[in-house]
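As a basis for the values below, the full set of heavy atoms in this structure was taken, side chains included, without hydrogen atoms, waters or symmetry mates. Ligands are counted one by one from 1 in listed order, and the atoms in each one are counted from 1 as well.
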Amino acid sequence: MTVPLLTAIPIGVTAERAADLPAFTPDSNAARSTIPDIYKWDLSPLFASDEAWDAARMKLLAEIPGLEAYDGKLAEPAALRACLDLYFRLHLNANFVTLYANLRQSTAQSDETANAMVQRSLAAMDELMQAAAFIRREVLTLSTESLETAYSAEPGLAEYRSYLDNLRRRADRLLPPEAERVLALLGDNLWAEIDLNEIPSPLETAFDALRTDIPWPEITDEQGEKVRLNLANYTRYRASADRDVRREAVAALFGTLRQYQHALAATLAGQFQLDVDYARARGYDTALEAYLDKDDIDPAVYDNLVSTINANLPLLHRYVELRKKALGLDDIHLYDLYIPIAEGVAVEVPFADARTTILAALAPLGADYGAALAEGLDPTNGWLDLYPHRDKRSGAFSASVYGPHPYVFMNYQNSLDDMSTLAHEFGHALHSDLAMKAQPYPAFRYVPFLAEIASTCNESLLSDYLVNKATDPAEKAYLLVERLETIRTTIFRQTMFAEFERRVHGFVEDGTPVTAALLDETYRDLLQRYYGPGYTVDENDGMEWAYIPHFYYKYYVYSYATGLTSGIAIADRVTTLGEPAAEAFLAMLAGGASAPPLELLAGAGVDLTKPDALDAAMRTFEKTLDQVEKLMEK
Ligand SMILES: [Zn+2]
């Protein structure tokens with residue numbers, strides 16, 4: 001059924017065109033050829049054909065050796081300029097080659113040609129990175145004076161200033177060449193361009209292997225059938241409406257992890273030891289400082305996140321009590337946290353309606369943003385690959401390369417969640433689009449720390465819009481509970497993970513042996529404190545630390561919490577302050593990587609070293625709790 005809140009709102013061209021879109025019923029088992037072409041993306045702005053792609057790849061490979069001519073010569077301004085010109089041209093070409101291969105493969109997963117193209121594009125990118133390693137190494141060792149001389153002698157170098165500044169920011173962490181050589185062999189490289197998390201450490205590999213080898217037990221499903229539990233179906237059983245099923249799933253998973261606790265503790269302790277060793281090798285006091293410095297983030301952001309969320313834990317306790325009451329339970333456990341407490345509403349949101357709704361919900365971001373959004377959401381423009389089909393990758397993402405329009409990959413199946421995902425992905429896409437239009441190539445790619453702000457701001461504005469329009473109390477309750485869950489899992493839970501990560505790295509830094517018992521106790525303690533006195537921690541719940549792969553990502557999880565916090569705070573500012581707040585936000589997006597991330601974010605009115613933005617997100621949580629409590633009384 002189509003709910004009244006999704007009635008089309010006439011917004012210029014788009015609303016009129018919506019009627020022209022061919023009707024289509026998504027079917028994830030259908031062949032790609034059954035989907036009307038209008039709902040598939042157009043890869044021709046990247047390459048006209050696979051042959052054109054291959055020719056570009058061959059040309060790239062032929063040009064890479066040209067970089068060698070500059071090795072050892074970057075102290076000369078003209079050579080530096082010419083070398084960076086060539087490097088960034090090849091870098092852009094390599095990005096075209098990898099993006100085309102990846103997008104092509106994402107809709108043809110078992111196509112051998114597509115898979116081989118991905119491998120070939122990665123090999124080309126790798127070759128470029130190897131050939132260009134001397135650039136980053138030499139730039140790090142240039143003196144400030146010689147670089148300033150180079151800027152005056154070669155005004156064209158100005159285009160590379162933010163890139164060079166960021167590269168040289170940690171120049172004082174550079175060790176003598178022999179020491180750097182040894183660290184690079186061990187996998188720590190100060191001038192690596194790719195994120196170190198893309199290459200798993202031997203400890204992470206061991207952890208993954210261990211989880212693959214663990215014989216997961218059978219549980220009884222809702223129909224009374226025996227089913228084999230695994231890491232993929234666990235989240236579904238954990239959220240089962242049948243309490244016996246979800247209780248057994250959680251107990252079985254954690255009980256099984258318990259049997260391997262010493263091996264699992266050894267891999268995590270080994271990873272954290274490695275994190276601390278690398279940090280110390282470069283003269284940092286803590287791993288936290290070292291890994292935040294990589295993205296130029298002040299550790300005060302981390303401390304502020306943990307302390308402000310801790311100060312607001314009574315709100316999470318209130319939510320736990322609300323869940324208990326809504327579910328009619330006397331006691332509440334980990335396995336009661338994932339079941340929906342609002343009746344699911346059967347809302348059918350065809351793409352045409354979603355598009356109209358998203359455009360209306362994001363209207364507060366201004367006409368220019370709206371125009372770019374309308375362009376991307378018009379499927380005739382080729383940004384979108386909308387519907388699921390056989391052999392298509394799952395999930396959703398946005399990807400872009402400097403120049404052509406961004407791409408948005410969806411598995412749209414007409415649900416309310418899908419509409420929200422669409423708004424989320426368009427946040428990413430337009431962030432790239434705005435940065436691309438405003439910045440030169442070397443300064444366009446925003447850092448991961450900023451990535452989830454534009455996307456969650458869009459989701460938040462959409463959620464507000466839908467709640468305000470909702471007339472049916474059941475629908476309103478559903479939307480509000482979704483918001484509570486998003487904040488619980490993304491702000492509270494990720495902050496709990498962040499706190500765990502900081503505490504356990506702290507044990508390593510103090511020389512306290514990290515045993516399975518210590519990890520268990522630390523995690524149980526956090527669970528009890530976060531979920532409150534009315535929450536029951538079961539025997540093996542402390543083993544959840546062994547279920548979270550993110551602890552191997554070197555201080556990464558906190559950025560999920562800061563991302564959503566900033567997104568909510570900005571949506572709030574846009575709603576209450578209007579145009580000036582929207583303009584400041586768009587300027588942040590257009591800033592790309594032209595300035596340090598915290599500086600860009602401060603421009604949008606969010607200072608993450610202070611509690612304000614976090615408090616704003618917590619007030620949103622509190623207000624939502626009030627609304628849900630009121631609806632429940634009725
Ligand atoms: Zn995202």
Side-chain angles (χ1 to χ4, degrees), residues 41 99 102-103 106 195 197-198 235 295 297 305 354 358 361-362 365 369 372-373 376-377 383-386 388 392-401 405-413 415-436 444-464 482-483 485-495 497-498 549-550 553 556-571 574 585-586 588-593 597 600-601 604 606 608 613 617:
W41 53 29
L99 184 65
N102 273 310
L103 295 184
S106 64
D195 187 342
N197 283 325
E198 287 174 28
T235 50
D295 292 330
I297 304 297
L305 171 73
I358 291 172
L362 302 187
L365 294 177
Y369 190 91
L373 184 64
L377 280 169
W383 295 33
L384 264 167
D385 206 84
L386 194 59
K392 183 170 175 172
R393 192 188 296 172
S394 61
F397 65 83
S398 157
S400 58
V401 62
H405 59 69
Y407 288 91
V408 176
F409 175 95
M410 292 288 301
N411 274 285
Y412 198 85
Q413 299 198 70
S415 76
L416 213 45
D417 274 355
D418 291 333
M419 173 163 64
S420 186
T421 303
L422 190 63
H424 179 108
E425 295 309 331
F426 267 90
H428 291 309
L430 290 186
H431 191 173
S432 298
D433 194 49
L434 290 168
M436 193 181 300
F444 119 87
R445 181 81 63 192
Y446 49 84
V447 297
F449 180 80
L450 293 180
E452 292 304 334
I453 298 175
S455 53
T456 55
C457 176
N458 280 5
E459 270 189 76
S460 191
L461 287 170
L462 176 63
S463 166
D464 286 345
E482 280 290 296
R483 184 186 295 168
E485 270 303 276
T486 304
I487 296 178
R488 175 182 79 80
T489 53
T490 312
I491 300 184
F492 287 109
R493 189 163 184 253
Q494 303 297 332
T495 303
F497 292 163
H550 299 74
Y553 298 175
Y556 187 77
V557 290
Y558 83 103
S559 65
Y560 292 122
T562 54
L564 180 60
T565 297
S566 308
I568 292 176
I570 290 170
V574 169
F585 172 51
L586 298 188
M588 177 207 115
L589 301 183
L600 288 167
L601 192 51
V606 173
L608 286 175

The salt bridge (charged side-chain N to carboxylate O under 4.0 Å, His left out) partners of Glu485 (sequence neighbours excluded) come to Arg323, Arg488
Can you name the nearest heavy-atom pair linking Ala372 to Asp433, along with the distance? CB-OD2, 4.2 Å
Results of ring-ring contact (aromatic ring centres under 6.0 Å, His included) for Tyr412 - residues two or more places apart only: none
Within the 6.0 Å centroid threshold, strictly below: Phe426 and His424: no
So how many protein N, O or S atoms does the Zn ion (ligand 1) have within less than 2.8 Å? 4
By salt bridge (charged side-chain N to carboxylate O under 4.0 Å, His left out) - contacts of Asp418 (at least two apart): none
Is the His550-Phe497 ring centre distance short of 6.0 angstrom? no
